[in-house]
Amino acid sequence: MPLTAKKTRVVVIGVGAVGSTTAYTLLLRERMDELVLIDANNEKALGDALDMNHGLPFLGQSKVWAGTYEDCREADIIIITAGAAQRPGESRIDLLKRNVSIYESITTEVLKYNTDGILLIASNPVDIMSYFTWKKSGWPVNRIIGSGTLLDSARFRYLIGEKLQIDSRSVHAHIIGEHGDSELPLWSLANIAGTELSLSDEARTEIFSNTKDAAYQIIKAKGATYYAIALALDRICTAILHNEAAVLNVSTLLDDYHGVSGVYLGVPCIVDRNGVRDVLKLNISSDEKELLQQSAAKLKEIIASIAL
Ligand code: 6V0
């Protein structure tokens, strides 16, 4: 890289459980030159920045600081994980109203300083928060990405791998739709090296139910989920920063996707330096199509009910 090359900068807004773990993951993997932490609780951002800086002698040469929205100016990626965390038993949709007003103030600030970065949305309900951010920003769809069903697909692949005793990285399986209760498993396309999965109906039901309920299980056990989502966000950032054209199940605005339009949902997308380059049209079964349409209808109803 020439010495004059622009430094890569990632800003994380909201350094609670998810944001700070994501920042730390990005730092450990040396994904960027500059990492900026922003939180309504500035003390928390300051503390995290200090703590991470003290680890730099064991790492690379990244710079980490607790910043202000002005620091978004140079950012390649702005990850938003701010918001209220899901309470035990609370559905993601119940979080919506609390998070929309938080996002209203955050996006207003970000948009003052950044016009060409990529916004990566993680706060729940993530598909609606992504749709809201896209509407509010006026930016092209490719630059507003939700973490979508990437985490759910990872959980799904892990559970299939465990059941079949195969490395989860060799399991090709997708969860699409809402990151939440109406998500759906694409059993018709799930495979290992092109071979069908030898799983009983009972095993499939158990795997999908554990995938869908994973967040509830973890929140019940320890109050929040953050390690796997941090790795999922790191994966998306890497695809962007390295211009990978990787296929990832992120949330994007659908346009006549199996009859679904005008809503953000998780589907396999090609992600590169410009964000979502394209959406892969999957050859899914008619039952799966129907479930996807139901998932979209549910989100549209919610969006309409809060008049976004
Ligand atoms: P948390 O630990 O409560 O952290 C939230 C942080 O946001 C706190 O540090 C707050 O101070 C900060 N914050 C609140 N308002 C503002 C504001 N206006 N400006 C800046 N910062 C603000 O929550 P946690 O980190 O556990 O979860 C964050 C969000 O991620 C929630 O909406 C979760 O539901 C969501 N998750 C999304 C996942 C996904 O797959 N997309 C996975 C896990 C959690």
Side-chain angles (χ1 to χ4, degrees), residues 11-25 36-49 66-69 71-72 78-110 119-133 136 144-156 175-181 183 211-237 248-252 264-266:
V11 175
V12 180
I13 302 176
V15 282
V18 174
S20 59
T21 312
T22 302
Y24 187 56
T25 304
V36 182
L37 311 180
I38 298 177
D39 198 287
N41 176 356
N42 191 47
E43 283 290 298
K44 172 68 166 79
L46 281 167
D48 273 343
T68 66
Y69 282 99
D71 293 312
C72 291
I78 297 157
I79 307 175
I80 313 184
T81 67
Q86 206 168 3
R87 294 172 179 147
E90 184 181 39
S91 79
R92 292 189 177 96
I93 299 301
D94 290 339
L95 280 172
L96 178 58
K97 288 200 170 127
R98 290 197 284 150
N99 278 340
V100 165
S101 72
I102 290 173
Y103 261 55
E104 182 78 51
S105 60
I106 290 175
T107 43
T108 302
E109 286 304 309
V110 169
L119 286 177
L120 176 53
I121 312 300
S123 316
N124 276 319
V126 71
D127 304 290
I128 294 178
M129 301 316 296
S130 306
Y131 176 84
F132 170 77
T133 308
K136 162 107 190 159
I144 313 283
I145 308 176
S147 60
T149 46
L150 188 59
L151 172 60
D152 316 71
S153 299
R155 288 171 170 153
F156 191 47
I175 299 284
I176 64 166
E178 178 200 6
H179 167 62
D181 299 337
E183 68 189 25
T211 301
K212 195 164 70 154
D213 295 339
Y216 295 114
Q217 288 170 16
I218 299 168
I219 289 167
K220 189 161 172 254
K222 62 170 194 167
T225 79
Y226 36 90
Y227 294 124
I229 179 61
L231 286 163
L233 293 170
D234 170 69
R235 182 70 195 86
I236 300 168
C237 289
L248 302 172
N249 292 337
V250 293
S251 189
T252 192
Y264 262 74
L265 282 179

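Hydrogens, waters and symmetry mates play no part in the numbers below; they use all other heavy atoms, side chains included. As the structure lists them, so they are numbered: ligands from 1, and atoms in each ligand from 1.
- Taking each of Ile13, Val18, Val12 in turn, the one with a heavy atom nearest to atom 44 (C) of ligand 1 proves to be Val18.
- Using a 4.5 Å heavy-atom threshold, the side chains of Thr68 and Val36 count as separate.
- Close approach to Leu151 involves these atoms of ligand 1, each under 4.0 Å from a residue heavy atom: 40 (O).
- The pair Glu183-Lys212 does not count as a salt bridge, with every side-chain nitrogen at least 4.0 angstrom from each carboxylate oxygen.
- Closest to atom 7 (O) of ligand 1 by heavy atom, among Gly83, Ala228, Ala214, is Gly83.
- Test Thr149, Asp152, Asn249 against His179 for side chain to side chain donor-acceptor pair (under 3.5 Å) and you get one pass: Asp152.
- Between Arg155 and Ile218 the shortest side-chain heavy-atom distance falls below 4.5 Å.
- Tested against Tyr264 for a side chain to side chain contact (heavy atoms under 4.5 Å, CB included), the candidates Val126, Ile128, Ile121, Ile144 yield a single pass: Ile144.
- Per-residue contacts place Thr225 under 4.0 angstrom from the following atoms of ligand 1 (heavy atoms of the residue considered): 42 (C), 43 (C).
- Of all the heavy atoms of Ile106, the ones lying under 4.0 Å from any atom of ligand 1 belong exclusively to the side chain.
- Taking a 6.0 Å sphere around OH of Tyr69, one finds it holds more than 12 heavy atoms contributed by other residues, nucleotides or ligands.
- Within ligand 1, the atoms closer than 4.0 Å to a non-hydrogen atom of Asn99 are 32 (O), numbered from 1 in the order shown.
- Nearest-heavy-atom check against atom 37 (C) of ligand 1 across Ala122, Ala154, Gly148, Ser251 picks out Ala122.
- Ligand 1 has no N or O atom lying under 3.5 Å from any N or O atom of Ala82, backbone or side chain.
- Any N or O atom pair closer than 3.5 Å counts here, and Thr81 shares no such pair with ligand 1.
- Within the listing of ligand 1, atoms 15 (N), 16 (C), 17 (C), 18 (N) sit less than 4.0 angstrom from a heavy atom of Ile102.
- Between Lys44 and ligand 1 there is no heavy-atom distance shorter than 4.0 Å.
- Put simply, OG1 on Thr133 and CD1 on Ile78 are 11.0 Å apart, with the number rounded to the nearest 0.5 Å.
- To the nearest 0.5 Å, atoms OG1 (Thr22) and CG (Leu120) are separated by 8.5 Å.
- For atom 32 (O) of ligand 1, the nearest non-hydrogen atom from the set Val15, Leu120, Asn124, Asp39 comes from Asn124.
- Residue contacts with ligand 1 for Ala17 involve both N, CA, C or O and side-chain atoms from C-beta outward (heavy atoms, distance under 4.0 Å).
- Contact check for Ile219 versus Thr225: side-chain heavy atoms found under the 4.5 Å cut-off.
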